[in-house]
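One structure is given below, encoded as structure tokens.
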Amino acid sequence: QVQLVESGGGLVQAGGSLRLSCAASGRTFSNYIMGWFRQAPGKEREFVAAISRSGGNTYYADSVKGRFTISKDNAKNTVYLQMDSLNPEDQAVYYCAAQIGSAVRGKYDYWGQGTQVTVSS
């Protein structure tokens with residue numbers, strides 16, 4: 001079992017930045033691919049970004065590429081999502097997730113409770 005707790009969400013003006021954090025506890029953090037997903041009201045949950053076990057490879061949705069950066073600190077059991085140049089379309093609940101397998105856009109095994117990101121225009 002892995003427990004995931006997100007933090008860092010909030011209200012930001014369009015063009016601004018936020019950094020989300022996801023603290024993991026339980027089994028060895030470095031055994032998991034870590035991902036960020038988001039879900040806006042009335043929409044399906046969508047993939048945002050993922051990072052490999054070592055942190056050496058990162059993956060992004062086209063909609064956030066160049067604006068968001070995923071990173072991890074295995075020593076702190078934490079994964080981050082730096083979000084820059086935010087726009088109202090980025091407004092959603094953001095979820096951290098962990099996967100034992102290798103499909104970065106596939107099924108994840110553990111999920112956090114989510115953190116709200118609100119972008120004002």
Side-chain angles (χ1 to χ4, degrees):
Q1 281 280 9
V2 174
Q3 292 78 42
L4 303 171
V5 178
E6 302 98 334
S7 61
L11 172 65
V12 64
Q13 286 190 332
S17 298
L18 280 177
R19 188 175 83 154
L20 305 182
S21 299
C22 173
S25 60
R27 297 199 173 181
T28 306
F29 181 67
S30 59
N31 286 349
Y32 298 89
I33 288 174
M34 299 300 297
W36 286 97
F37 290 76
R38 66 186 181 187
Q39 187 167 21
K43 295 187 177 181
E44 292 187 354
R45 186 169 60 195
E46 64 175 356
F47 170 82
V48 175
I51 190 165
S52 63
R53 292 172 176 81
S54 67
N57 293 297
T58 56
Y59 311 86
Y60 297 95
D62 288 343
S63 59
V64 307
K65 201 172 294 184
R67 301 187 298 120
F68 290 12
T69 304
I70 188 171
S71 61
K72 67 184 310 195
D73 187 334
N74 282 339
K76 295 183 177 179
N77 287 0
T78 302
V79 62
Y80 305 97
L81 186 68
Q82 176 67 40
M83 304 186 295
D84 299 318
S85 301
L86 285 160
N87 59 61
E89 289 69 40
D90 296 316
Q91 181 166 311
V93 177
Y94 283 70
Y95 298 91
C96 172
Q99 183 189 137
I100 298 171
S102 58
V104 295
R105 291 179 172 81
K107 181 180 180 296
Y108 279 67
D109 302 288
Y110 303 100
W111 293 85
Q113 82 290 350
T115 185
Q116 176 71 47
V117 171
T118 302
V119 183
S120 64
S121 56

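As a basis for the values below, the full set of heavy atoms in this structure was taken, side chains included, without hydrogen atoms, waters or symmetry mates.
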Taking side chain as C-beta onward, heavy atoms only, is Val2 less than 4.5 Å from Tyr32? yes
Heavy-atom side-chain contact between Ile33 and Tyr108 under 4.5 Å: yes
Ring centre gap for Phe47 and Phe37 strictly below 6.0 Å: yes
Rounded at 0.5 Å granularity, tell me how far CD1 in Ile70 sits from OG in Ser52. 9.5 Å
Look at the side chain of Asp109 and the backbone N and O of Ile100, then say whether any donor-acceptor pair between them is shorter than 3.5 Å. yes
Derivation and outcome, side chain to side chain contact (heavy atoms under 4.5 Å, CB included), residues Tyr110 and Gln1: CA-CA 8 Å; Tyr110 303 100; Gln1 281 280 9; 3.2 Å; yes
Could you see if Leu81 belongs to whatever hydrophobic cluster contains Val93? Use Ile, Leu, Val, Met, Phe, Trp, Tyr and a side-chain cutoff under 4.5 Å. no
Kindly indicate whether the side chain of Trp36, heavy atoms from C-beta on, has any atom under 4.5 Å from the side chain of Cys96. yes
Glu46 versus Arg38: any side-chain heavy-atom pair under 4.5 Å? yes
I'd like to know if the side chain of Thr78 reaches the main chain of Lys76, judged simply by a donor and an acceptor atom lying under 3.5 Å from each other, with no hydrogens or angles considered. yes
Closest approach of Val79 and Ser71, non-hydrogen atoms and distance? CG2-O, 3.1 Å
What verdict does the side chain to side chain contact (heavy atoms under 4.5 Å, CB included) test give for Leu86 and Leu18, after you've listed the backbone C-alpha separation in whole Å, the side-chain angles of each residue and the deciding distance to 0.1 Å? CA-CA 8 Å; Leu86 285 160; Leu18 280 177; 4.2 Å; yes
Name the orientation class of the two ring planes belonging to Phe68 and Tyr94 (parallel below 30°, tilted from 30 to 60°, perpendicular beyond 60°). tilted
Any side-chain heavy atom of Ser120 within less than 4.5 Å of one from Leu11? yes
Are the side chains of Lys72 and Asn74 in contact, using a 4.5 Å heavy-atom criterion? yes
CD1 (Ile51) and CG (Asn57) are apart, to the nearest 0.5 Å, by 8.5 Å
Should Val12 and Val64 be counted in the same cluster of Ile, Leu, Val, Met, Phe, Trp and Tyr side chains packed under 4.5 Å apart? yes
How many angstroms lie between atom OG1 of Thr58 and atom NZ of Lys65, to the nearest 0.5 angstrom? 9.5 Å
Under the 6.0 Å and 45° cation-pi test, does Arg105 pair with Tyr59? no
Check whether any side-chain heavy atom of Arg67 lies under 4.5 Å from a side-chain heavy atom of Asn87, and answer yes or no. yes
Which heavy atom of Tyr60 sits nearest a heavy atom of Ala49, and at what distance? CD2-CB, 3.7 Å
Rounded to the nearest 0.5 Å, what separates atom OG in Ser121 from atom CD in Gln91? 9.0 Å
Determine whether Ser17 and Met83 satisfy the following criterion, side chain to side chain contact (heavy atoms under 4.5 Å, CB included), listing intermediate values before the conclusion. CA-CA 5 Å; Ser17 298; Met83 304 186 295; over 6 Å; no
Side-chain (Ser54) to main-chain (Gly56) donor-acceptor, under 3.5 angstrom: yes
Rounding to 0.5 Å, atoms CG (Asp84) and CG (Asp90) come to a distance of 10.5 Å
Side-chain donor/acceptor of Glu6 to backbone N/O of Gly114, under 3.5 Å: yes
Between the CG atom in Leu20 and the OG1 atom in Thr115, the distance rounded to the nearest 0.5 Å is 6.0 Å
Close side-chain approach of Met34 and Tyr80, heavy atoms under 4.5 Å: no
